[in-house]
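Everything below concerns the one structure shown next.
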Amino acid sequence: MTDLDPPEQTRGAPSATAAQRSASRAPAGPDRARAPLYGPGDLPEDLGLGWAPRAQGAVRPAAPRTWLSLASVGDLWPGEEGVLALESAAQRATLLELLAQDLAGGADGIHICLHGSADGPGPGAAALLGELCRGEFGARPLLLSGGRALLAAPRLLEGRAGAVGYGVDPWRGAGLAREDWIRLAALPSAPGLPSVVLSGLCIEARGGTAELELVGLLLRLEDAAEALRTAGVPPAAAGLRIGFELALSSEVFNTIAKLRALRRLVETWWAQFAPGSEPAPACLRAVSSQREFDARDPWNNLLRCTYQAFAGVVGGADQIALLPLDQPLGRRGELGQRLARNLHTLLGEESHLGLVEDPALGSYALERQTEDLSRAVWERYRQQRGAGGAAAWFAPGGPLERELDGLAARQAQRLDSRRRIRVGVNDFVARESTPLPPGRALERAPEPRGPAREGAAFEALARRGGGGAPAAVFLLNLGRQRDHHPRAAFIDGLLAVAGIEARHGRGAEGRPPAEALDALCAEFLESALPVAIVCGRDEDVRAALPGLLARLPSGRSLYLAGRFEEFESWRRAGLAGAFHLGQDARAFLGQLLTQLGR
């Protein structure tokens with residue numbers, strides 16, 4: 001089976017007549033399940049799926065669909081236990097208290113990213129794992145992610161009553177031998193908690209696309225399944241023991257399509273690997289993407305986490321781990337932990353997302369996106385199988401690493417030019433953010449060795465501009481407010497990204513042109529600021545800029561907002577530079593900060 005065909009039971013559903021569709025729109029009573037508004041006859045022919053989005057009939061499950069809500073601890077690195085302050089027994093006790101609050105507040109289990117070698121994860125992390133074997137902690141599911149450090153985890157967790165799932169990162173797990181896969185897969189597992197979970201977090205952390213993530217998971221699935229087959233584990237049992245872990249992004253539709261595509265791809269893979277075995281549906285674990293989090297205004301992280309959680313539930317994740325909003329700040333506070341776990345309750349108990357089996361089913365856009373992604377991944381997977389398989393794909397300098405390097409450069413360029421907007425990072429930055437309330441928190445080292453966050457470079461600019469007395473730039477606003485406001489507001493928002501204060505000049509309003517220039521220059525001189533940016537309509541700028549350059553005193557710099565054909569001639573006359581839409585914002589702001597002595 002080499003193509004991506006849908007399951008037989010979803011094909012050929014009878015088309016609904018107009019009368020049936022009209023009847024299906026009647027209000028649902030207590031004994032009447034909701035039916036879709038259309039059937040296969042309404043489907044555009046070019047969708048190419050070959051089956052109806054949903055057969056006519058009930059779409060409400062017999063019982064609400066639930067997912068396992070996980071309290072996420074974050075990354076534990078060996079030799080750097082200060083990342084979570086685990087070298088101190090008191091700090092470990094604080095972390096355990098926060099986790100106990102999560103479990104009492106509705107979390108079903110605990111998720112930890114474990115780093116290190118096959119010798120172990122480090123003394124602080126090992127002590128924490130020992131604590132998680134006792135009392136209430138020991139009775140709850142514990143789900144681990146990582147590489148070779150997972151090989152030492154069973155010894156540390158020996159005798160634990162609750163189930164443990166081991167999420168092997170396909171990249172860091174490249175050093176796992178076949179017997180290692182078998183050892184992990186042979187460990188006890190509970191229903192819905194596979195003993196080996198193939199993780200794509202490391203690929204996403206490097207900026208990998210959904211396609212790269214899924215190709216990597218399929219290649220590692222082949223390794224794990226082959227190891228179990230040679231050990232005599234039947235495919236149906238192997239399917240129960242292997243699960244998958246993906247990153248949740250705030251790009252909702254992309255994340256939903258990624259989760260749905262993975263289910264379909266895994267089903268197709270097992271049908272080809274072991275036809276007729278009918279393994280259980282894949283268990284999907286979804287974890288917040290750390291790359292998206294913002295340290296400058298952590299309240300934005302709560303919105304990102306909400307998008308991530310919604311996408312995970314609608315995409316069909318079985319286990320969801322959300323990070324607290326203060327994750328990048330070097331602390332883990334009670335408020336962040338509580339808000340993260342409450343998102344599960346809001347989505348399940350108030351939004352009732354569990355009352356629909358697959359909310360995305362039947363959506364043309366999502367069905368098309370899922371279909372296109374599935375076919376692209378399957379084709380790429382088949383090509384890589386013939387080009388060395390997983391060993392070549394994950395090798396240093398191999399296809400995956402080369403592609404990730406190129407992706408990282410392109411993504412950074414899109415952020416720098418603001419062709420991709422990240423609220424609170426490279427645009428729409430609040431100059432003053434409400435600080436997080438005080439409370440019990442676990443202090444940790446900021447910026448650990450975890451995934452590089454997308455906004456880290458812009459946050460470094462903000463620290464340069466806002467450290468001590470904030471840096472400031474004077475805005476030479478030409479003409480009436482309605483004339484200069486569009487460009488002045490544009491520049492004001494740009495300067496806020498780097499923490500630079502914008503001081504607006506008002507001397508030109510209501511004055512004749514000659515007097516206005518003199519008044520603006522006087523304001524600029526009185527401000528004692530070394531840099532000014534000219535903002536105004538094109539015609540006002542062309543009329544005023546030669547005079548402003550002639551009046552510019554030595555030691556002061558003049559920049560321009562907007563794109564003009566005369567820029568080169570003005571630059572020869574003394575203009576320091578200009579900024580316009582699509583330009584490299586990070587480079588321009590860095591140049592300004594250097595000129596301001598930061």
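Values below: all heavy atoms of this structure, side chains included; hydrogens, waters and symmetry mates excluded. What you see is a predicted model; the values in this text were computed from it and never measured.
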Practice problem: Keeping the roles fixed (side chain from Asn426, backbone from Arg422), state whether a donor-acceptor pair exists under 3.5 Å. | Solution: yes
Quiz item: Would a distance-only check, ignoring hydrogens and angles, find a side-chain to backbone donor-acceptor pair under 3.5 Å from Arg263 to Ala282?
Solution: yes
Practice problem: With the side chain counted from C-beta on, respond yes when Leu361 and Val356 share a heavy-atom pair under 4.5 Å apart, and no when they do not. | Solution: no
Practice problem: May I ask you to decide if Gly106's main-chain N or O and Arg341's side chain share a donor-acceptor pair within less than 3.5 Å? | Solution: no
Quiz item: Looking at Gly208 and Leu407, what are the two nearest heavy atoms and their distance?
Solution: CA-CD1, 4.2 Å
Quiz prompt | Reported CZ-to-CD distance for the pair Phe253 and Gln369, which is rounded to 0.5 angstrom | solution = 8.5 Å
Quiz item: Pro194 versus Ile242: any side-chain heavy-atom pair under 4.5 Å?
Solution: no
Quiz prompt | Salt-bridge present (Arg291, Glu251; N to O < 4.0 Å) | solution = no
Exercise. For Asp318 and Leu284, indicate whether the former's side chain and the latter's backbone hold a donor-acceptor pair under 3.5 Å.
Key: yes
Practice problem: Start with the C-alpha distance between Leu353 and Phe310, add both sets of side-chain angles, then the distance that settles side chain to side chain contact (heavy atoms under 4.5 Å, CB included), and finish with yes or no. | Solution: CA-CA 9 Å; Leu353 293 187; Phe310 176 83; 3.8 Å; yes
Quiz item: Would you say Val196 and Arg241 make side-chain contact, with heavy atoms under 4.5 Å?
Solution: no
Quiz prompt | Shortest non-hydrogen contact between Ile320 and Gly312, atoms and distance | solution = CD1-C, 3.9 Å
Quiz item: Under 3.5 Å, is there a donor-acceptor pair between the side chain of Glu245 and the main chain of Val197?
Solution: no
Self-check item: Presence of salt bridge, Asp294 and Arg453, under 4.0 angstrom
Solution: no
Exercise. Verify, without hydrogens or angle tests, whether Arg160 (side chain) and Phe137 (backbone) share a donor-acceptor contact under 3.5 angstrom.
Key: yes
Quiz prompt | Trp270 side, atom CH2; Leu265 side, atom CG - distance, nearest 0.5 Å | solution = 14.0 Å
Quiz item: Considering only heavy atoms from C-beta outward, does the side chain of Leu221 approach that of Tyr381 to under 4.5 Å?
Solution: no
Quiz item: In Å, rounded to the nearest 0.5 Å, how long is the span from CG of Leu157 to CG of Leu142?
Solution: 6.0 Å
Quiz item: So Glu454 and Val425, side chain to side chain contact (heavy atoms under 4.5 Å, CB included) or not? Walk me through it.
Solution: CA-CA 9 Å; Glu454 288 182 307; Val425 175; over 6 Å; no
Quiz item: Between Arg382 and Glu222, is a salt bridge (Lys or Arg N to Asp or Glu O under 4.0 Å) present by the stated rule, with each step listed?
Solution: CA-CA 12 Å; Arg382 292 177 61 194; Glu222 186 170 356; over 6 Å; no
Quiz item: Does Leu248 offer a backbone N or O that forms a donor-acceptor pair with the side chain of Lys258 under 3.5 Å?
Solution: no
Quiz item: Would you find a donor on one side and an acceptor on the other, under 3.5 Å apart, between the side chain of Ser363 and the backbone of Ala360?
Solution: no
Quiz prompt | Asp102 side-chain N/O to Ala107 backbone N/O, donor-acceptor pair under 3.5 Å | solution = no
Quiz prompt | From CA spacing to verdict: side chain to side chain contact (heavy atoms under 4.5 Å, CB included), Val164, Leu143 | solution = CA-CA 6 Å; Val164 181; Leu143 295 100; over 6 Å; no
Quiz item: Any chance CD of Glu379 has more than 12 other-residue heavy atoms, nucleotides or ligands included, within less than 6.0 Å?
Solution: yes
Exercise. Using the side chain to side chain donor-acceptor pair (under 3.5 Å) rule, take Ser249 and Glu292 through it: C-alpha gap first, then chi angles, then the decisive distance, then the call.
Key: CA-CA 8 Å; Ser249 165; Glu292 296 190 342; 2.8 Å; yes
Self-check item: For Ala309 against Leu322, the heavy-atom pair lying closest together
Solution: CB-CD1, 3.7 Å
Quiz item: How many angstroms lie between NE2 in His344 and CG in Leu68, if you round to the nearest 0.5 Å?
Solution: 9.0 Å
Quiz item: So do Gln384 and Pro399 actually touch side chain to side chain, heavy atoms under 4.5 Å?
Solution: yes
Quiz item: Is the backbone of Arg380 close enough, under 3.5 Å, to the side chain of Arg385 for a donor and an acceptor to pair up by distance?
Solution: no
Quiz item: Can you check side chain to side chain contact (heavy atoms under 4.5 Å, CB included) on Cys305 and Phe293, steps first, answer last?
Solution: CA-CA 9 Å; Cys305 225; Phe293 274 47; 4.2 Å; yes
Quiz item: Just wondering, do Leu214 and Leu246 contact through their side chains at under 4.5 Å, heavy atoms?
Solution: yes
Quiz item: Asn301 and Arg304: which non-hydrogen atoms are nearest, and at how many Å?
Solution: OD1-NH1, 3.1 Å
Quiz item: Do Glu226 and Arg229 sit within salt-bridge range, that is, some charged N less than 4.0 Å from a carboxylate O?
Solution: yes
Quiz item: Got His111 and Gln319 here, is their nearest side-chain heavy-atom distance under 4.5 Å?
Solution: no
Quiz item: How close do Gly315 and Leu259 get, heavy atom to heavy atom, and via which atoms?
Solution: O-CB, 3.6 Å
Practice problem: Identify whether the distance between the nearest side-chain nitrogen and carboxylate oxygen of Arg402 and Asp405 falls below 4.0 Å. | Solution: no
Quiz prompt | Side chain proximity check, Ile203 to Arg206, heavy atoms < 4.5 angstrom | solution = no
Exercise. Rounded to the nearest 0.5 Å, what's the gap from CG on Leu144 to CG on Leu129? Could you check?
Key: 6.5 Å
Quiz item: Got a second to check how far Trp393's CH2 is from Leu218's CG, nearest 0.5 Å?
Solution: 10.5 Å
Quiz item: Can you name the nearest heavy-atom pair linking Glu204 to Ser289, along with the distance?
Solution: OE2-OG, 2.6 Å
Quiz prompt | Derivation of the salt bridge (Lys or Arg N to Asp or Glu O under 4.0 Å) call for Arg375 and Glu211 | solution = CA-CA 10 Å; Arg375 292 190 180 278; Glu211 181 179 329; over 6 Å; no
